[in-house]
Structures are given as structure tokens and as C-alpha cells.
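Reading through the C-alpha cells given below for one structure.
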Amino acid sequence: MKQLVAALIAGLLFGAGIALSGMINPAKVLNFFDLAGTWDPSLAFVMGGGLAVAALGYRLLFGTREKPFFAERFQLPTRSDLDPQLVGGAAVFGIGWDIAGFCPGAAIPALGLGYSDTIVFLASLIAGILAAKSLKRRFSAAEKRVTQ
């Protein structure tokens, strides 16, 4: 239960930060990507601020604690290579963000604005996730049949 409360608090803080920075407005995000037109650099400052807070948090957390508050051990990634799934996923994420003006983290707090575009984006996001999982299962099953 403590983990759920901590996750809820973290999500609320993130959502409030996204809302306060104006990043729930797709036009603001799209203006960041419009280098030749109405470029708005504020997204870079929001990302830089988030990066600074995260770096400080990691430094304080890993420098002072041997284990997390609500778990027995830290669960950190061990892989450091770039595989096609990672590169492809990052590319699809960036392209989708540029087209729609939403990233998943900003779209959820934007639901509170009541725009139909937000609902369409989140429905498309969920459909894409389900399609990717289905394709991954199919490719994994086909690969097993070939190697047997």
C-alpha cells in the first residue's frame, strides 16, 4: 500500500509540474519543434529543470541510502547497449510526439481540459501498445518455430 501511495504522490507531482509548465497544451509543444517558424524554447527549459531535479534526487538517494524506502533493493537496469527495439521505439515516440504534440506523460493530465484530441491520442496510444505487444508475441512465436 505504501508503494501505491508513493506512486500516486509522484504521479500527482509530475502531473502538476506538466500542467504548471504549460506542456499539456499540444500547441506549445509543437511550437518547440517548429524551428523555422514560431519556435518556443520553453520545453527545453522544462526538460532541463526536470533533468536537474532528477540528477539531484538520484545523487541524494544513492549517496545516502542502501535500499529504497518501500522495497528491499534498488532495481536498476543492467543493459547498456542500444538494440533495434530501443532505437525504433524512441523514433516512434519522437515522431508521434511531433505529430500529435502530446507525450503520454502530458496527455494524462491534459484529460482534465476535456479536449477530444486528448482522448483520441490516448485511445491511439493504447491501441498502438496493444498492437506492438501482439506483434512481439507473433514474432517471438515464429522465431521459436524456426529455431526448433
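For reference, positions follow the sequence shown, starting with 1. Values reported hereafter were calculated over all heavy atoms of this structure, with side chains retained and with hydrogens, waters and symmetry mates removed.
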Do any N or O atoms from the side chain of [X] and from the backbone of [Y] form a donor-acceptor pair under 3.5 angstrom?
| X | Y | value |
| --- | --- | --- |
| S134 | L130 | no |
| D81 | D83 | no |
| D98 | G94 | no |

Minimum heavy-atom separation for [X] and [Y], please, with both atom names.
| X | Y | value |
| --- | --- | --- |
| V29 | M23 | CG2-O, 3.8 Å |
| A100 | F121 | CB-CD1, 3.7 Å |
| F70 | A6 | CE1-CB, 3.6 Å |
| A106 | I24 | O-CG2, 3.5 Å |
| A107 | L122 | CB-CD2, 3.8 Å |
| F32 | P41 | CD1-CA, 4.2 Å |

Would the number of heavy atoms belonging to other residues, nucleotides or ligands and lying under 6.0 Å from [atom1] of [X] be above 12?
| X | atom1 | answer |
| --- | --- | --- |
| K133 | NZ | no |
| Y115 | OH | no |
| R138 | CZ | no |

Looking at F33 versus W97, is the centre-to-centre ring distance below 6.0 Å?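 Here the rings of W97 and F33 have centres that are less than 6.0 Å from each other.
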Are the side chains of [Y] and [X] in contact, using a 4.5 Å heavy-atom criterion?
| X | Y | value |
| --- | --- | --- |
| L13 | I9 | yes |
| K136 | Q85 | yes |
| T118 | F102 | yes |

Under 4.5 Å between side-chain heavy atoms, hopping through other hydrophobics if needed: is there a path connecting [X] to [Y]?
| X | Y | value |
| --- | --- | --- |
| I119 | L125 | yes |
| V92 | V120 | no |
| L61 | L76 | yes |
| I18 | M47 | yes |
| L30 | L113 | no |

With side-chain contact (heavy atoms from CB on, under 4.5 Å) as the test, would you mind laying out the steps for K28 and L43 before giving the verdict? CA-CA 8 Å; K28 189 166 186 69; L43 178 57; over 6 Å; no
Find the distance between [atom1] ([X]) and [atom2] ([Y]) and round it off to the nearest 0.5 Å.
| X | Y | atom1 | atom2 | answer |
| --- | --- | --- | --- | --- |
| L56 | L51 | CG | CG | 11.0 Å |
| E66 | F74 | CD | CZ | 9.5 Å |
| I99 | S124 | CD1 | OG | 11.0 Å |

Given the rule in the side-chain contact (heavy atoms from CB on, under 4.5 Å) test, do L4 and L8 qualify, once you have shown the distances and angles that lead to the verdict? CA-CA 6 Å; L4 289 175; L8 175 65; over 6 Å; no
Checking R137 against F139: charged group under 6.0 Å from the ring centre and within 45 degrees of the axis?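 Judged by the rule (NZ or CZ under 6.0 Å from the ring centre, within 45° of its axis), R137 is not positioned above F139.
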